[in-house]
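These notes are about the structure you will find just below.
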Amino acid sequence: MQATTTRRTGSHKADPITLGLIRNYLSSVADEMANTVIRTAYSTIVRDCMDFSTALCDKNGQTVAQGVTIPVHLGSVPTALGHTIKRFEGNIHPGDVFIMNDPFQGGIHIPDIFVFKPVFHENRLMGYSTAVSHHLDLGGRVPGSAACDNTEIFHDGLRIPPLKLYDRGVPSEAIFQLLEKNIRVPVQTLGDLRSNLSALRTGEKGLLSLAERYGLDDLEMYFAELLDYTEAMVRAEIRSWPDGEYTFTDYLDDDGVDAGEIAIEVKMTVEDDCLTVDFTGTSPQVKGGINSPYAFTISCCGYAVRSIMQADIPNTSGLFRPIRIIAPAGTILNPVMPAASGMRGVVGFRLADALFGALAKIVPHKIPAAGEGGNSLIIIGGYNRERKPFIMFDLIAGTWGARPNKDGIDGLTNPGSVISNIPVELMELDYPVRVEQYALTKDTGGAGKYRGGLAIARDWRYVGDGPANLTIRSDRREHTPYGLYGGHNGAPSWNIVNPGAEEERTLRTMVTDTLQPGDVIRHIQPGAGGWGEPLERDIESVEQDVLNDKVSIAKAEELYGVVIDDEKLTADRERTERERSARRSEAGQAQRSANGGVRR
């Protein structure tokens, strides 16, 4: 993806107040589209986890507004829509609705279906209303249509190229029937699809209202101005960064099939108001189903860069104009056929972690230590005694790394996904599971001047009638979340079947397995990294961590040099100062020895 410097040079001058009104109106419509999905969706993954996104685009397929939904989705909308527009150029009409999910034609993985509705005003195309949702099932090898040990795209499920779901208002019964016959839970999946179609109509109504008020010619001018304004603000941010090359490498533990670490290697080059993100040197595409389609790689880059910029920059495609992204074909960030990609999310999260590691060298005052490494996925699927299928798809929201001036946040979703856990009561109502633990885990946050957030632990007991398929996507056991500027790494993740029982067994981080009735699966997410030297942490903060059962008395002394009185649960200030002074002296002596005895 090449950075561009093209700006509009029209004869009309945009009024800044009108531009602001239109910008806010578009954002409100995109949010209203998201609310439509939440109110009408069928499945827990869309309705409760909120794993979906909405956006509005201009007639060229460029995003001009997005809903407050999933950041790592939305940068992919122009790519997916661009493939669709190219496919149907000259054959786009009022009443059309397009559908697609093909990862090799602009999609981001098979469970995420894009739908696009062209919006016409007085028979002129003015833009597109768009939505994408992660559907509960699209067929394939396992319930949920995603597994890390899938080894080719055909294992992942039904692959949909850009097609017309509606042609001039007439639905394609063939596509609806094909979907119905190839998915395990057609009621939920088709219900969610129709929910997205309702959101498209909401977006269409909003765009038409805007055209009626301002006229299409002026509105097109303001759309272009909005893209230009985003570009100008992003360029100004990049220009404030020091020029240079900044590198970072992060790792995934494995791909769910073959053992061995997988490197995500990035070099960020800042030159005036342009940014190049180069992933040359990143691992080749892997056998397991975690490869990241190029559209998703682009989107994750946009999310990482945008998230450290000022909040009032419009979320439009103008973001990508100053950014050049290099991801060589055949790598895990730009796979070629027949690579499986159903669980590509973990690579997207690790890509973002690598980018944040490089950005920490550019703007250290803005970058937190690594968080949990992405939301964990737990899928339990099978059949009840009436042979009716069920699929429980739980997204475990994680925890944040310590920030340059604050502790990490416990139990908050990764900022790249903005999803929610399924409420326990709804999960137990809809699926044959019982949640027996949902808790923070003591001593898992990376030590530092500011402590990393704690790991989440959740236990599900499977109470179904027969064996069930278990699919897990997690990571960060071998390569734990990194700390920054002297902060320690967070604790590793774990997957344990029947913890504490004779038949206890530990599973890999990415695995497909089987549960028997009565089995318990425990997942413990990684803890987040710390920021700054632990010996610089306020004694009072360590005391509070002990009182809140976030840090044990033993770890308070081991990691922070804070000696806690066992009975009073307060710090012994005199012993603490002696302990910390001794450790600083030892550290200084070790540093002088490493430097050959010369103080520098």
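Every heavy atom of this structure was used, including side-chain atoms; hydrogens, water molecules and symmetry mates were not.
Salt-bridge annotation for D112 and R344: present, with a side-chain N of the basic residue lying under 4.0 Å from a carboxylate O of the acidic one. Under 4.0 Å is where a charged nitrogen must lie from a carboxylate oxygen, and between D430 and R47 at least one such pair does. At a threshold of 4.0 Å, the pair R350-D475 counts as salt-bridged, since one of the basic side-chain nitrogens sits closer than that to a carboxylate oxygen. For the pair R239 and E271, the salt-bridge criterion is not met [side-chain N within less than 4.0 Å of a carboxylate O]. For D218 and R213, the salt-bridge test fails: no basic side-chain N is under 4.0 Å from an acidic carboxylate O. Taking a cutoff of 4.0 Å between a charged side-chain nitrogen and a carboxylate oxygen, R235 and D228 do not qualify as a salt bridge. One finds no salt bridge joining R476 and E372 here, because no Lys/Arg side-chain nitrogen approaches an Asp/Glu carboxylate oxygen to under 4.0 Å. The existence of a salt bridge linking R451 and D410 is confirmed by a sub-4.0 Å separation between a basic side-chain nitrogen and an acidic carboxylate oxygen.
Side-chain contact between L179 and I160: present, with at least one pair of heavy atoms (C-beta onward) separated by less than 4.5 Å. Annotation: side chain of L216 is not in contact with side chain of E122 (no heavy-atom distance under 4.5 Å). Side-chain contact between L26 and L207 is present, with at least one heavy-atom pair separated by less than 4.5 Å.
Among pairs with a residue in residues 19-40, none fulfils salt bridge (charged side-chain N to carboxylate O under 4.0 Å, His left out), at least two apart in sequence or across chains.
Not one N or O on the side chain of D192 forms a donor-acceptor pair closer than 3.5 Å with the backbone of S133.
In this structure, Y482 has its ring center closer than 6.0 angstrom to the ring center of F248.
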Show me, pair by pair, the donor-acceptor contacts under 3.5 angstrom made by side chains of residues 354-368, not counting sequence neighbours?
{"unit_1": "K361", "atom_1": "NZ", "unit_2": "T247", "atom_2": "O", "d": "2.5"}
{"unit_1": "K366", "atom_1": "NZ", "unit_2": "I308", "atom_2": "O", "d": "3.3"}

